[in-house]
Amino acid sequence: MDSVLFQGLIGLSMAMYLWLISAGLTIIFGVLRIVNFAHGSLYMVGAYLAFTFYGLLGWPFWLAIVLSLLGTGLLGFVMERGFLRRIYGIDEAYQLLLTFGFILILDDLVKIVWGGVFKIPQIPAFLDGAWSVFGRPFPVYNTFIIGIGVLVAVGLWALFEKTWWGRTVRATASDREMANAIGVNVPRVFSGVFVFGSMLAALGGALGTPVRVVAPGIGATMIIQAFIITVIGGLGNLKGAFVSSLIVGILSAYGTLFFPVFELFFIFVIMAVVLLVRPQGLFAR
Amino acid sequence: MILEARELVTGYGFSVVIHGISLDVDTGEIVCLLGRNGAGKSTTLRSIMGLTPPRSGRVTFRGEEITGRQPFEIARRGVGYVPDDRRIFSDLTVKENLEIVQRVTRREGRWSLERVYQLFPVLRELSAKPGAGLSGGEQKMLAIGRALMGNPALLILDEPSEGLSPLLVRTLVDALRRIREDGTTLLIADQNVKFARRVADRGYIMEKGTIRFAGPLEQLWQNEEVVRRYLAV
């Protein structure tokens, strides 16, 4: 019994990591109606920046996280204002080409700045180690990720339900032309949402990589997972992304317990089943 | 003159829908654009609002040229817009649908949540309901209330009487008269001449993207030839 509960906890920390990396992607799709394939690259840049400020320069952990978010947010701003803005009105194939172009450019840029060899970020001392849960050692860092995931979920709920910026974003998401006609500066909302989504990607990178590695190309793995989560949950639906993260994270953890060889297989099985039963995702808008 | 449109030409893709429309609206007036479905009324209103920017021509609002401006800039200058399909923000509540306009336009004035509720008492009872849960008539009132929350100097309404029961048309006529008494100028597009006759001072009749007749509503109404040729009664 304890081992089942313990595995659930492992699954929960996996779920919260998936939630962190997919939240920004689904918010950007919900409002701008573009699938940002470069979301994984923003995750990678966020990871490298956090690694640099904390691991290389030895600055305080929280400061490193904040600077990583700001830096990646700035990159997102340049991407939206300088490039994406020009292709909203035209064929969707251009979104794919442009955001895929960003993946290649950012991967190479990262190689130029940090080199092609992978880096192992440090876990801060206060988050290192493990405590005993159900008689087994459970990493403190996983507990931390669960806490951050819940915090982000509550924070996003409050932002979109309780603030006027959030309501304006929701109005723009449901009808951008009418929002414009009542006085919403839609281009500015688009930039704001893209920057915000980029910062969420960076948060996933900064907090998700200390238990993984930082290397050029990690964005590609991440975008596949994040994309699957948003598709299962319903593209553009934030609640859907949260629920689908929970389902995938926890089912994968149990699946791995019983069929260890199929670890990476489960996420695809879940997606295939959901798409067969509900092609629009669990919570279509 | 609060609004002047000169020689507007607007289209979608390869087709041109309106061919050189010119019209004037004086401060305090209620002006009605009349014409059958597809005559170009909605496109004219959309051109003025900046939703479908005209390919040529000029729109001047309170002496300032607004042609080619983004809709949100035109809204913030004091033009309210009520689309024919209402376009309520479905996942915001009725109250949020109203308040958001005040937040984004930042235009101070006579209209407030309280005054909109006085104009359409049914909205007060529905205030906590999401926009998606309203009936067509209720959505129509909400769309008008929403536009008023920006304290517009000019209120543009597209097909306000369409699909309303005779009782609701009466409510609408009363509401529009009160809005005018409050100092708001109105530009309305509608197919229903009987409705237009009860609210408007002047009318333009459109057909195939051009204006065929302009004049006081009474004069227009008595011209049987015009009514029969261009309007469905």
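We name chains A, B, ... by the order of the sequence lines, and we start the count at 1 in each one.
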TODO: Nearest 0.5 Å please: distance from the CG atom of B:Leu92 over to the CZ atom of A:Arg167.
DONE: 8.0 Å
Open item on the list: Using a 3.5 Å distance criterion without hydrogens, assess whether the side chain of A:Arg170 forms a donor-acceptor pair with backbone atoms of B:Asp91.
Closed with: yes
Open item on the list: With chain A as the partner, which of B:Glu96, B:Arg106, B:Arg146 has the greatest number of non-hydrogen pairs under 4.5 Å?
Closed with: B:Glu96
TODO: Taking the side chain as every heavy atom from C-beta outward, state whether A:Pro187 and B:Gln70 have any pair of such atoms under 4.5 Å apart.
DONE: yes
- [ ] For atom OH of A:Tyr88, decide whether the heavy atoms of other residues, nucleotides or ligands shown that lie under 6.0 angstrom number more than 12.
- [x] yes
Task: Within 6.0 angstrom of A:Glu92 CD, more than 12 heavy atoms from elsewhere - done: no
Open item on the list: Does any backbone or side-chain atom of B:Glu99 lie under 4.5 Å from a heavy atom of chain A? Answer side chain, backbone, both or neither.
Closed with: both
TODO: Take atom OH of B:Tyr117 as the centre, draw a 6.0 Å sphere, and report whether it contains more than 12 heavy atoms from other residues, nucleotides or ligands.
DONE: yes
- [ ] Work out which heavy atom in B:Phe89 is nearest to a heavy atom in A:Ser174; give both atom names and the distance.
- [x] CD2-OG, 3.7 Å
TODO: Give the member of B:Arg76, B:Arg107, B:Arg103 that has the highest number of heavy-atom pairs under 4.5 Å with chain A.
DONE: B:Arg103
- [ ] Might you point out which heavy atoms bring A:Val184 and B:Phe72 nearest each other, and give the distance in Å?
- [x] O-CB, 3.1 Å
Task: Largest heavy-atom contact set with chain A, pairs under 4.5 Å, which of B:Ala75, B:Pro71, B:Gly150, B:Gly50 - done: B:Pro71
Open item on the list: Under a 4.5 Å cutoff for heavy-atom pairs, which residue among B:Ile100, B:Thr105, B:Val79 has the most contacts with chain A?
Closed with: B:Ile100
Task: Nearest non-hydrogen partners of A:Ala181 and B:Tyr81, listed with the distance - done: CB-CD2, 4.0 Å
- [ ] Let me know if B:Arg77 has heavy atoms under 4.5 Å from chain A in its side chain, its backbone, both or neither.
- [x] neither
Task: Interatomic spacing from CG in B:Leu51 to CG in A:Asn180 - rounded to 0.5 Å - done: 7.0 Å
Open item on the list: Nearest 0.5 angstrom please: B:Met149 CE to A:Ile182 CD1, how far?
Closed with: 10.5 Å
Open item on the list: So, taking the atom named CE in A:Met178 and the one named CZ in B:Arg86, what distance separates them when rounded to the nearest 0.5 Å?
Closed with: 12.0 Å
Task: Side chain / backbone / both / neither for B:Arg87 at chain A, heavy atoms under 4.5 Å - done: both
Task: A:Arg188, CZ: over 12 other non-hydrogen atoms inside 6.0 angstrom - done: no
